[in-house]
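Right, one structure below, let's go through it.
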Amino acid sequence: MPSVQDPVQTPQSPRVHGDEEEEGSDDIESEFASSIAERSSTVHPYRVSVAESSINSWDIDSVSITNSGTSVHFYEEHVGTPTNHHALVAHPNTGEIMRYNPLQTRPINPKRDLALYGYGSVAWKNRVEWKRKQQHKIQKVSSDGEGSDLNDFDGHCDIPKCAESKQQLSRKLPIPSSKINPYRIVIILRLAILALFFHYRIRNPVHDAYWLWLTSVICEIWFAFSWILDQFPKWYPIKRETYLDRLSLRYEKEGKPSELAPIDIFVSTVDPVKEPPLITANTVLSILAVDYPVDKVCCYVSDDGAAMLTFEALTETCLFARKWVPFCKKHKIEPRAPEWYFAQKIDYLREKVHPEFVRERRAMKREYEEFKVRINAVVANSHKVPEGGWVLPEGAPWHGNNVRDHAGMVQVITGHDCVMDDAGNKLPWLVYVSREKRPGYDHHKKAGALNALLRTSAILSNAPFVLNVDCDHYINNSKALREAMCFLMDPVLGEKNCYVQFPQRFDGIDQHDRYSNHNVVFFDINMKGLDGIQGPIYVGTGCVFRRHALYGYDAPTATKPPSKTCNCWPMTCCLCCRSKRKCLKAKKKQENQKKVKCRDASKKVHALEVTGKENAILVPQEKFEKRFGQSQAFLASTLQESGEACRFDMLKSLDDCMHVLSCGYENKTQWGKEVGWIYGSVTEDILTGFKMHCHGWRSVYCMPRRPAFKGSAPINLTDRLHQVLRWALGSVEIFLSKHCPVWYGYQCGLKPLERLSYINSVIYPWTSIPLIIYCALPAFCFLSGKFMVPEMNIYSSILFIALFVSIAATSILEMQWGGVGIDDWWRNEQFWVIGGVSSHLFALCQGLLKVLGGVSTKFRVTLKGGDTNEFSELYEFKWTWLLVPPMTLLLLNVVGVLAGVSKAITDGYESWGPLLGKLFFSCWVILHLHPFLKGVMGKQDRVPTIIVVFSVLLAAIFSLLWVRVNPFTIKFDGPVLEVCGLECE
């Protein structure tokens with residue numbers, strides 16, 4: 001167990017930047033603040049206060065259930081008992097109410113008032129029967145279906161008559177023809193040059209080094225194929241523009257409640273050591289302070305590690321949010337994550353700042369410092385776990401003491417009436433969720449946690465849209481949700497969009513971005529190209545989904561309601577599987593729930609009916625249960641389009657939440673196959689977006705001027721390589737699965753160019769094999785004295801020059817219309833080689849072992865947050881086998897260059913001509929691996945010894961084998977002819 005003093009295991013946080021200058025000073029000039037120009041560009045959020053039913057008192061009955069030596073306590077709630085008794089538990093034998101303390105236990109924060117935890121399964125819990133019938137909930141939803149037109153956010157709502165509100169909420173901005181037409185012309189010319197180049201290469205083999213020539217030609221053909229897969233999805237790049245003022249005119253009318261769609265926000269975390277609680281707290285604070293109606297936002301935090309440290313940190317975050325949220329909304333500050341707001345190095349002395357703002361900002365900074373002290377104290381206390389596990393302040397045991405075997409937990413921390421901020425306004429919902437974990441179950445990592453959140457949120461809030469972010473991705477633009485709503489709530493094209501993807505931007509990266517963490521070539525060029533086809537791919541975070549698309553429904557085929565002759569509503573006709581998509585027609589028109597006979601069964605089953613329309617749709621309940629599971633509350637929520645659920649019936653809703661959080665709920669259902677986030681790969685994002693596009697949906701790429709989200713990236717070489725390894729491993733798993741875009745989903749709504757992009761996203765790890773061979777060929781050419789290219793003539797020289805010019809022209813024009821700098825492009829090229837010869841190669845091997853051999857791989861969480869010193873991790877060396885292949889290639893090429901130059905000096909002037917081509921290819925490899933060399937050296941003047949030993953050993957073995965075998969030289973097996981020196985005459 002790590003000690004408190006261990007600096008590696010204590011993810012505490014540095015002091016806020018700029019505080020050192022404020023000691024003992026009240027001078028306004030020592031403060032930092034946002035500029036007047038940034039603050040004046042925002043508007044106050046439209047606030048709507050909705051009265052919710054509050055729960056004042058309850059009773060607790062404790063029932064002890066023992067299973068395999070584990071005592072699990074359930075609690076029943078009734079009205080009439082004071083709140084200060086809700087943490088007491090019953091003795092398992094006598095039933096006497098007492099404090100539960102079988103072993104040495106203690107709370108992580110003994111002084112915590114349990115009432116601050118809110119309402120949920122952590123503080124109190126209902127005893128329920130999971131298999132009881134709840135058909136009355138379905139009947140209630142069916143009978144009230146006619147009154148759900150006010151919040152029908154999938155279109156079909158009445159458009160206001162004012163001219164401004166009739167206009168679209170967004171529009172496409174195509175790339176100017178002066179930029180895109182030359183780009184397309186160069187692509188066509190490059191294709192023609194490639195055809196001529198391969199015609200020359202194949203027709204002119206190198207006979208004295210045939211295998212060397214053949215290997216190089218095969219690698220070059222693969223590189224050309226990979227370039228085609230990457231290039232043509234960028235044929236129709238576009239940009240988009242949103243109109244937030246039109247959104248407000250349409251859905252936020254003066255004097256009326258806001259009609260903006262509710263949004264459920266998912267924050268996923270798993271390890272509080274690698275994902276420090278302060279990072280998660282800043283993300284949650286930015287969500288609670290977002291510029292959106294308070295009653296329309298619900299934040300769900302998924303703690304897949306069931307850590308009491310995370311739970312306590314969220315409770316502290318709730319306390320600080322009461323001060324932080326009104327401060328943000330009053331002064332309209334950006335960003336609304338306090339760690340990054342106070343770290344801004346902005347000199348506002350040139351602007352006039354109101355003294356009240358300066359005073360409140362100074363006070364808020366001190367409050368945040370105290371908040372960080374409390375968080376760090378909780379972190380320090382959490383390292384010394386008591387023998388009997390953690391308990392709550394009043395003695396109730398913490399369910400997550402065993403991370404791999406614990407019950408599910410749901411706790412509503414904020415959102416009820418008794419939690420108000422300092423300005424007297426309600427706070428958005430903040431719900432802590434930890435799904436059930438039991439041995440022997442496959443929990444499907446992040447995808448399984450997100451699906452558990454999807455079901456839980458459907459019961460509690462059931463918002464029609466869902467935003468998911470990683471715990472380190474805070475909202476940098478408080479209007480990000482409004483930006484997404486401009487596409488999803490657009491009255492013309494909104495209902496066809498399944499999700500809105502925002503680009504990933506990062507903080508805390510070194511100025512030169514040594515390892516291409518920003519990845520701007522992908523986010524600013526490739527994603528714009530996909531947006532012009534069918535939409536960008538889903539990248540795992542910063543994405544707003546339509547809930548119905550996550551449920552596996554097909555995209556609507558028409559923007560109008562169904563006609564009288566059609567009984568298939570676009571959103572509900574796909575409840576059966578795609579191969580058997582036939583909705584049962586009603587034989588009799590009745591307003592109440594009906595009973596129908598299944599097409600393939602003789603028995604009668606209950607059917608679910610969407611009422612309120614002339615042509616009702618009947619779908620057997622059996623179909624619902626096979627698709628979504630046997631939770632009647634969740635089935636009822638799938639039929640609602642208004643975004644309203646059982647959020648005010650807290651006691652009953654928590655019972656249903658515990659049901660859908662159980663680890664066996666997804667058995668024999670379509671979860672992870674057709675519904676929710678798709679299983680089968682560690683990169684669930686690619687699979688999930690791919691399935692939605694196969695259902696005919698479109699996605700949208702939104703790039704506001706101020707980045708919507710920002711996160712932290714691993715700036716250390718080892719962590720960066722492991723991150724790329726995980727992404728590449730997921731692509732290999734998809735390629736070897738039935739969902740591979742090469743052969744899956746041809747009779748669906750996926751467009752051909754969109755398919756090319758998905759094929760490229762799963763096939764790129766295979767490029768590591770030809771890439772590592774091609775990088776080693778120049779060294780082998782030096783050692784063998786042969787070359788993979790025949791003797792150059794005028795025609796071949798023109799071909800090579802034309803090829804290099806076309807490559808350069810394509811890159812320059814891409815940077816021009818994409819807005820990417822030359823430095824970012826070059827760093828991307830360098831890390832493509834570094835990752836290709838290391839992470840991609842290992843991912844390919846691991847993926848083949850996992851899929852073909854059944855060898856499982858361990859999921860490694862990327863370290864979030866930085867050290868106390870800026871960029872200190874950039875120079876930290878961490879050993880990994882991923883470093884060996886690049887260093888070996890680097891040494892091989894350096895040795896080859898030295899050997900070739902030495903031989904040229906010895907042989908004379910004539911040998912320098914053939915040497916130039918070899919030097920060009922070797923220098924190409926060395927330049928691309930230069931950031932890797934700087935990474936392994938760190939702050940030292942030499943490469944670590946262990947890297948040198950392994951790399952020199954491998955380089956020496958390959959060199960000796962090459963000299964001994966010399967495989968690329970034609971052998972002559974006949975007699976050896978020598979000059980005898982005799983005159984035959």
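What you see is a predicted model; the values in this text were computed from it and never measured.
In terms of heavy atoms, Ser268 sits closest to Leu450 at CB-CD2, 4.5 Å. The two residues Ser302 and Leu453 make their nearest non-hydrogen contact at CB-CD1, 3.4 Å. Counting all heavy atoms, side chain and backbone alike, Val403 lies closest to Gly305 at CG1-O, 3.6 Å. Heavy-atom minimum distance, Ala321 versus Pro326: O-CD, 3.8 Å. Here the closest non-hydrogen pair linking Trp677 and Glu684 is CD1-CG, 4.0 Å. Scanning both residues, Ala452 and Thr456, for their nearest heavy atoms gives O-OG1, 2.8 Å.
Listed for the Arg482 side chain is no donor-acceptor partner under 3.5 Å among the backbone atoms of Tyr292. Asn425 contributes no side-chain N or O that, together with a main-chain N or O of Asp421, makes up a donor-acceptor pair within less than 3.5 Å. At distances below 3.5 Å, at least one donor-acceptor pair connects side-chain atoms of Arg720 with backbone N or O atoms of Tyr515. Judged by distance alone, the side chain of Asp264 and the main-chain N or O of Ala463 form a donor-acceptor pair under 3.5 Å. Using modelled atom types, one side-chain atom of Thr283 and one backbone atom of Ile279 make a donor-acceptor pair closer than 3.5 Å. Without hydrogens or angle criteria, Glu275 side chain to Val270 main chain gives a donor-acceptor distance under 3.5 Å. A donor-acceptor pair under 3.5 Å is formed between the side chain of Ser699 and the backbone N or O of Pro536. Here the side chain of Ser286 pairs a donor or acceptor atom with the backbone of Ile475 at under 3.5 angstrom. Checked by atom type and distance alone, the side chain of Tyr701 pairs as donor or acceptor with a backbone atom of Phe523 at under 3.5 Å. Between the Asp271 side chain and the Val273 main chain, a donor and an acceptor come within less than 3.5 Å of each other.
With 3.5 Å as the limit, one finds no donor-acceptor pair spanning the side chains of Asp303 and Thr269. Using modelled atom types, one finds no donor on one side chain facing an acceptor on the other under 3.5 Å when comparing Arg726 with Gln723. Between the side chains of Tyr300 and Asn468, not a single donor N or O lies within less than 3.5 Å of an accepting N or O. In summary, the side chains of Ser478 and Glu334 do present a donor paired with an acceptor at a separation below 3.5 Å, with no hydrogens or angles considered. Side chain to side chain, Tyr243 and Glu241 meet the donor-acceptor criterion of an N or O pair below 3.5 Å.
One finds the SG atom of Cys543 at 6.0 Å from the OH atom of Tyr538 (value rounded to the nearest 0.5 Å). Distance check: Asp685 CG to Gln501 CD gives 8.5 Å after rounding to the nearest 0.5 Å. Once rounded to the nearest 0.5 Å, the distance linking CE of Met485 with OH of Tyr251 reads 10.0 Å. Note that CZ of Phe320 is 11.5 Å distant from CG of Leu288, once rounded to the nearest 0.5 Å. Note that CG of Asp531 is 10.0 Å distant from CE of Met703, once rounded to the nearest 0.5 Å. A distance of 12.5 Å separates CZ in Arg374 from NZ in Lys372, rounded to the nearest 0.5 Å.
Residues Trp340 and Tyr474 are in side-chain contact: their nearest non-hydrogen atoms beyond the backbone lie under 4.5 Å apart. Residues Arg435 and Asp304 have side chains in contact (heavy-atom distance under 4.5 Å, counting atoms from C-beta outward). A 4.5 Å side-chain heavy-atom check between Leu460 and Cys657 finds at least one atom pair inside the cut-off. Using a 4.5 Å cut-off on side-chain heavy atoms (C-beta onward), Leu309 and Phe311 make no contact. Counting heavy atoms from C-beta on, the side chains of Arg547 and Asn462 come closer than 4.5 Å. In this structure, the side chains of Leu285 and Arg336 stay at 4.5 Å or more apart for every pair of heavy atoms. Side chains of Met692 and Leu550 form a contact here, defined as non-hydrogen atoms less than 4.5 Å apart. Val466 is not listed as a side-chain neighbour of Ile263, based on a closest heavy-atom distance of 4.5 Å or more.
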Requested in this report: Could you check Glu370 against Lys365 for salt bridge (Lys or Arg N to Asp or Glu O under 4.0 Å), going step by step and ending with a plain yes or no?
Outcome: CA-CA 9 Å; Glu370 295 177 2; Lys365 179 182 284 189; over 6 Å; no
Query - Pair Leu169-Phe487, side-chain contact (heavy atoms from CB on, under 4.5 Å): steps then yes or no - result: CA-CA 7 Å; Leu169 303 179; Phe487 300 104; over 6 Å; no
**Report entry** Evaluation steps, side-chain contact (heavy atoms from CB on, under 4.5 Å), between Leu247 and Leu260
**Finding:** CA-CA 9 Å; Leu247 181 73; Leu260 287 174; 3.9 Å; yes
Requested in this report: Quick one: do Val539 and Gln504 satisfy side-chain contact (heavy atoms from CB on, under 4.5 Å)? Show the steps, please.
Outcome: CA-CA 9 Å; Val539 298; Gln504 292 186 16; 3.5 Å; yes
**Report entry** Check against side-chain contact (heavy atoms from CB on, under 4.5 Å), Arg359 and Glu356
**Finding:** CA-CA 5 Å; Arg359 288 193 298 269; Glu356 181 184 1; 3.9 Å; yes
Query raised in the report: When you look at Asp507 and Lys710, which way does the salt bridge (Lys or Arg N to Asp or Glu O under 4.0 Å) test go after all the steps?
Result: CA-CA 7 Å; Asp507 287 315; Lys710 279 191 175 182; 3.6 Å; yes
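No salt bridge links Glu259 with Arg250; every basic N to acidic carboxylate O contact stays at or beyond 4.0 Å. A salt bridge links Asp291 to Lys479: at least one charged side-chain nitrogen sits closer than 4.0 Å to a carboxylate oxygen. Comment: Arg706 does not engage Glu483 in a salt bridge, judged by the lack of any side-chain N to carboxylate O separation of less than 4.0 angstrom. A salt bridge links Lys446 with Asp470: at least one charged nitrogen is closer than 4.0 Å to a carboxylate oxygen.
Proximity of the aromatic rings of Phe709 and His473 is defined here by a centroid distance below 6.0 angstrom, and this criterion is not met. Outside the 6.0 Å centre-distance limit, the rings of Tyr341 and Tyr368 are not counted as a close aromatic pair.
Using a 30° and 60° split on the angle between ring planes, Tyr432 and Trp398 fall in the tilted class, from 30° to 60°. Between Phe327 and Trp324, the two ring planes are tilted [angle within 30° to 60°].
No option in Leu430, Val433, Thr317, Val431 other than Leu430 meets the side-chain contact (heavy atoms from CB on, under 4.5 Å) test with Val301.
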